[in-house]
Amino acid sequence: QVQLVESGGGLVQAGGSLRLSCAASGGTFSGYAMGWFRQAPGKEREFVGASRWSGDTTDYRGSVKGRFTISRDNAKNTVYLQMNSLKPEDTAVYYCARSRYMRWSRYQYDYDAWGQGTQVTVSS
């Protein structure tokens with residue numbers, strides 16, 4: 001069973017940047033798509049972005065497109081979420097997840113392993 005551990009969250013001012021990491025252990029990583037989701041207080045968890053298993057294609061929700069970038073290092077079993085030009089509305093707990101498939105997906109039911117989450121707070 002793969003285990004995912006996120007890190008890199010914190011408090012940042014609007015306009016700032018953070019880089020989240022998600023390290024996988026105990027299972028297969030390189031053959032699966034990886035996704036990032038977030039959940040703000042009082043809201044449902046939502047898709048942020050995802051990377052195909054090879055990292056050659058990615059998908060993002062509209063509100064983060066051009067600001068967030070997903071990359072992965074399959075040799076290190078790690079996926080990253082680089083977040084630039086952060087806004088207060090990006091404040092949330094961010095989760096990484098491993099897909100059941102090689103292709104990326106926006107749907108949570110396509111992911112079978114989740115990290116515990118890391119808090120990102122953007123102050124105005």
Side-chain angles (χ1 to χ4, degrees):
Q1 180 77 11
V2 67
Q3 293 166 348
L4 305 174
V5 178
E6 303 95 336
S7 61
L11 173 64
V12 64
Q13 288 189 332
S17 298
L18 282 174
R19 187 196 197 202
L20 305 185
S21 299
C22 172
S25 63
T28 304
F29 173 83
S30 61
Y32 297 91
M34 294 294 295
W36 286 94
F37 294 78
R38 67 186 181 187
Q39 186 168 22
K43 295 187 177 181
E44 294 187 352
R45 189 160 57 185
E46 64 183 15
F47 171 78
V48 174
S51 165
R52 189 169 176 263
W53 72 274
S54 57
D56 58 346
T57 61
T58 53
D59 182 41
Y60 302 94
R61 68 179 301 108
S63 61
V64 308
K65 198 170 292 186
R67 300 189 297 123
F68 290 13
T69 303
I70 293 174
S71 60
R72 61 190 292 167
D73 186 337
N74 287 337
K76 295 182 178 180
N77 287 351
T78 302
V79 63
Y80 306 97
L81 180 65
Q82 177 67 44
M83 306 186 294
N84 299 328
S85 302
L86 282 161
K87 304 175 181 180
E89 51 264 42
D90 295 319
T91 295
V93 177
Y94 283 71
Y95 300 89
C96 70
R98 190 194 71 171
S99 173
R100 305 174 192 274
Y101 312 110
M102 293 189 294
R103 59 166 175 78
W104 48 257
S105 169
R106 294 187 171 207
Y107 301 106
Q108 296 182 48
Y109 56 70
D110 281 336
Y111 294 83
D112 61 358
W114 294 81
Q116 83 290 348
T118 185
Q119 176 71 47
V120 171
T121 303
V122 184
S123 63
S124 57

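As the structure is a prediction and not an experimental result, all values here were calculated from the model.
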remark   = Applying side chain to side chain donor-acceptor pair (under 3.5 Å) to Gln119 and not counting sequence neighbours gives Thr121
Min side-chain heavy-atom separation [X]-[Y] under 4.5 Å:
X: Val5; Y: Gln116; answer: yes
X: Tyr60; Y: Val48; answer: no
X: Arg72; Y: Asn77; answer: no

task = Could you name each residue pair satisfying side chain to side chain donor-acceptor pair (under 3.5 Å) that touches residues 85-96, not counting sequence neighbours?
result = Arg38-Asp90, Arg38-Tyr94, Arg67-Asp90
task = Show your reasoning for whether side-chain contact (heavy atoms from CB on, under 4.5 Å) applies to Thr58 and Trp104.
result = CA-CA 7 Å; Thr58 53; Trp104 48 257; 5.9 Å; no
Following the transitive rule for hydrophobic clusters with a side-chain heavy-atom cut-off under 4.5 Å over Ile, Leu, Val, Met, Phe, Trp and Tyr, establish whether [X] and [Y] coincide in one cluster.
X: Leu4; Y: Val120; answer: yes
X: Leu81; Y: Val64; answer: yes
X: Met102; Y: Met34; answer: no

With Tyr32 via ring pair (Phe, Tyr, Trp, His ring centres under 6.0 Å) - residues at least two apart = none
note = Distance col, row Cys22:SG vs Glu6:CD, nearest 0.5 angstrom, shows 5.0 Å
note = To the nearest 0.5 Å, atom NZ of Lys43 lies from atom CD of Gln39 at 11.0 Å
message = Could you report the tightest heavy-atom contact between Ala50 and Ile70, atom names first, then the distance?
response = N-CD1, 3.1 Å
Shortest non-hydrogen contact from Ser99 toward Tyr101 = OG-N, 2.9 Å
key: Pair Leu86-Phe68, side-chain contact (heavy atoms from CB on, under 4.5 Å): steps then yes or no   = CA-CA 9 Å; Leu86 282 161; Phe68 290 13; 3.8 Å; yes
key: With sequence neighbours excluded, residues passing side-chain contact (heavy atoms from CB on, under 4.5 Å) with Arg100   = Asp112
task = Return the set of residues passing side-chain contact (heavy atoms from CB on, under 4.5 Å) with Thr78 (not counting sequence neighbours), or none when no residue passes.
result = Ser21, Ala23, Lys76, Tyr80
inquiry  = For the backbone of Ala113 and the side chain of Arg98, can you confirm whether one donor and one acceptor N or O come within less than 3.5 Å of each other?
reply    = no
ask   = Is the charged tip of Arg45 near the ring of Trp114: under 6.0 Å from the six-membered ring centre and within 45° of its axis?
value = yes
task = Show the numbers, then the answer: is there a side-chain hydrogen bond (donor to acceptor under 3.5 Å, both in side chains) between Ser30 and Asn74?
result = CA-CA 5 Å; Ser30 61; Asn74 287 337; 5.3 Å; no
Report all side-chain donor-acceptor pairs from residues 7-20 shorter than 3.5 Å, counting only partners two or more places apart or in another chain.
from, atom 1, to, atom 2, distance (Å)
Ser17, OG, Asn84, OD1, 2.9

ask   = Taking the six-membered ring where the residue is Trp, are the ring centres of Phe37 and Tyr111 under 6.0 Å apart?
value = yes
